[in-house]
Amino acid sequence: MPDTSLSSPHAAGEPLDALIIGAGFSGLYMLHSLRDRLGLKVLAVDRAAGVGGTWYWNRYPGARCDSESHSYAYTFSEELWKGWSWTQRYPDHGEIRRYMDYVADTLDLRPDIRLETTVERCDFDDAANLWRVTLKGGELLSARFLITGVGCLSTANIPNLPGLADFAGAWYHTGAWPHAGVDFAGKRVGQVGTGSTGIQSAPVIAAEAKHLTVFQRTANYSTPAQNAPLAPERKAWIRDNLDAIRSVMLATTNGHPFTVTDRSLHDVTDAELTEILERAWDFGGLQFRAGFRDVLLDESANARMAGFLKDKIRRIVRDPAKAEILATIDHPYAGKRPPIDSGYFEAFNRDNVDLVDLRADPIERVVPSGVRLKSGREIPLDILVFATGYDALTGPLIKLNITGTGGRTLAKEWEAGPRTYLGLQVAGFPNLFTITGPGSPSVLCNMPVPIEQHVEWITGCIAHLREQGATRIETTPAAMEAWGREVKRAADATLLSRVPHSWYLGANVPGKPRVFMPYAGGMAHYRKLCAEVAAKGYEGFVLARPAAVAAE
Ligand code: NAP
């Protein structure tokens, strides 16, 4: 007789109602929502020794969020909101971890979190209608629902450089930074990568190290963060305006707390454009692109904005050779995730900072004393920093070794790219929910917004199952096919899918299929679609009651 119960109270040793993998933004709220709203028996596990998810690991020099602090927080609880006060416009990694600790303590989540607990594999037991989850060390947990909150950018992409094993110095990936920090004093450092991470770390490393060589494969835009401490009046305004802040975030495409102006780049003269962009530059942050609606829709409109930014680089960087390498950018502005910085281009004016254009002279191999380029030039190094990004979105999920019905594995199902319905479920994997999974807006947004939406949708879905007496929910191949077409349509309507070397497409990981992974149709629109699916009795999903499950 299959175990089909979904109720409380629970006797010890019974299967969990839900097992959550991850204790970051997703896992903490999911645990609170299922345990405290629905009264379910829930456990969250995380391989880290503390809560915080991605931010537990991301402690590299300069690591700071580029969402503004007042928008990088949960909005579901006024009490939680008012009990916390951010100190800076953009929180650094330490402050975000302190916030996550505050949330875990305030909501009393720790008794239901197991840290230093690594999931090795997840197998769906069809007869019992349960997920069987094997932990490192062999322990087995069982749960009706398996919910992943493993982050989108948590599986490091470490370049497979020949000779790395023989490097006599130390090397680090920014996403797994030593907690004790790295002492750069007196050291010759090489940094590979100039994405959001590398652009944050380079100026900080340059200020500490004897010498820094930045290895650039693709030149990148960046605008200043203009980070600063929050004034007391600003803090008070944030504390008292949760509803106003949230309503803006819910209405926007990317879940940020600012609205994009309904004006085309074609509607302004060159002089007007310069004036608008200079003001946006001084204001700082991701809001730089908010002055125009067609930045990501129209190539010629984008080129005007890109021209302004390339000129800025040429004006900031005094060495014309370096400036040319940095300003020769081959893709539209914001076509890749636009970084924001604190003194990135200025760092190249320091005497101790060099730049290597890997397009002109690629790394041939790592040698014990440093790096050898194809030209034969050798760069002596004591430390190598890989700011080389992540196997985004699919990597953390595939790593969980998930097997669904009929022995199908997620790795095999996604061999040609991820296929999901709404980024929430995969056919053949009943009762598995993927928070901010591929096919949802996720990384195109200010992350807490899509996380809260997914957590609340999944909670509503499980409550609905309980009301219906159902214990199983699974999407269909047809729903996934239709959603896959919508994900592609939305991406193709923007310039995002036209950047061949973007991690949104999986292009940064050798051998990864080139499929545009996040949903680019906008967070507000996506939220509406998900609500409609639920209102129509979970259209695109098949719900089953215990008898049906037992008869299968
Ligand atoms: P990324 O955007 O993928 O950038 C990785 C960099 O490494 C790129 O310059 C890439 O070059 C280079 N690279 C990768 N493999 C290489 C190789 N084999 N040889 C030479 N260069 C190589 O990764 P990231 O900077 O860690 O950022 C990832 C995402 O994390 C961001 O887009 C953002 O969503 C998030 N993030 C957010 C914040 C924040 O909130 N402030 C901070 C950091 C990161 P190509 O461009 O040629 O691939």
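Both backbone and side-chain heavy atoms feed into the values below; hydrogens, waters and symmetry mates do not. Whatever order the structure lists ligands and atoms in, that order sets their numbers, starting from 1.
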Under-4.0 Å heavy-atom contact with ligand 1, by part of [X] that carries it:
| X | answer |
| --- | --- |
| Phe215 | neither |
| Ala392 | neither |
| Tyr72 | neither |
| Leu358 | side chain |
| Leu153 | side chain |

Provide the number and element of each atom of ligand 1 under 4.0 Å from a heavy atom of [X].
| X | result |
| --- | --- |
| Ala387 | 5 (C), 6 (C), 7 (O) |
| Thr218 | 45 (P), 46 (O), 47 (O) |
| Arg64 | 39 (C), 40 (O), 41 (N) |
| Tyr60 | 42 (C), 43 (C) |
| Thr194 | 6 (C), 8 (C), 9 (O) |

Distance-only, no hydrogens or angles: does the [X] side chain make a donor-acceptor pair with backbone N or O of [Y] under 3.5 Å?
| X | Y | answer |
| --- | --- | --- |
| Asn241 | Ala244 | no |
| Thr434 | Gly423 | yes |
| Arg217 | Gly193 | no |

How close does the nearest protein non-hydrogen atom get to [atom], and which residue and atom is it?
| atom | value |
| --- | --- |
| atom 1 (P) of ligand 1 | Trp503 CD1, 3.8 Å |
| atom 19 (N) of ligand 1 | Arg217 NH1, 3.7 Å |
| atom 27 (O) of ligand 1 | Thr197 OG1, 3.8 Å |
| atom 31 (C) of ligand 1 | Ser196 OG, 3.5 Å |
| atom 46 (O) of ligand 1 | Lys336 NZ, 2.6 Å |
| atom 21 (N) of ligand 1 | Val192 CG1, 3.6 Å |
| atom 4 (O) of ligand 1 | Gly195 CA, 3.6 Å |
| atom 12 (C) of ligand 1 | Gly193 CA, 3.7 Å |

Look at the rings of Phe386 and Trp171 and say which category their plane angle falls in: under 30° parallel, 30 to 60° tilted, over 60° perpendicular.
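The rings of Phe386 and Trp171 stand perpendicular, inter-plane angle above 60°.
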
Should the ring pair Tyr519 and Trp483 be called parallel, tilted or perpendicular, given that the plane angle runs from 0 to 90° and is split at 30 and 60?
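Ring orientation of Tyr519 relative to Trp483: tilted.
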
Could you tell me if the ring centre of Tyr29 sits under 6.0 Å from that of Phe76?
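Between Phe76 and Tyr29, which both carry aromatic rings, the centre distance is below 6.0 Å.
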
Do Tyr72 and Tyr99 make the cut of ring centroids closer than 6.0 angstrom?
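No, they do not, as the ring centres are separated by 6.0 Å or more.
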
Restricting to non-hydrogen atoms, name the atom on Glu486 and the atom on His525 that form the minimum distance, rounded to 0.1 Å.
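Taking Glu486 first and His525 second, the nearest heavy atoms are OE2-NE2, 4.4 Å.
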
Pair Gln191, Thr213: side-chain N/O donor-acceptor within cut-off below 3.5 Å:
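The answer is no; no qualifying pair exists.
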
Can Asp492 and Lys488 be counted as an ion pair, charged N to O under 4.0 angstrom?
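Looking at Asp492 and Lys488, the cut-off is met.
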
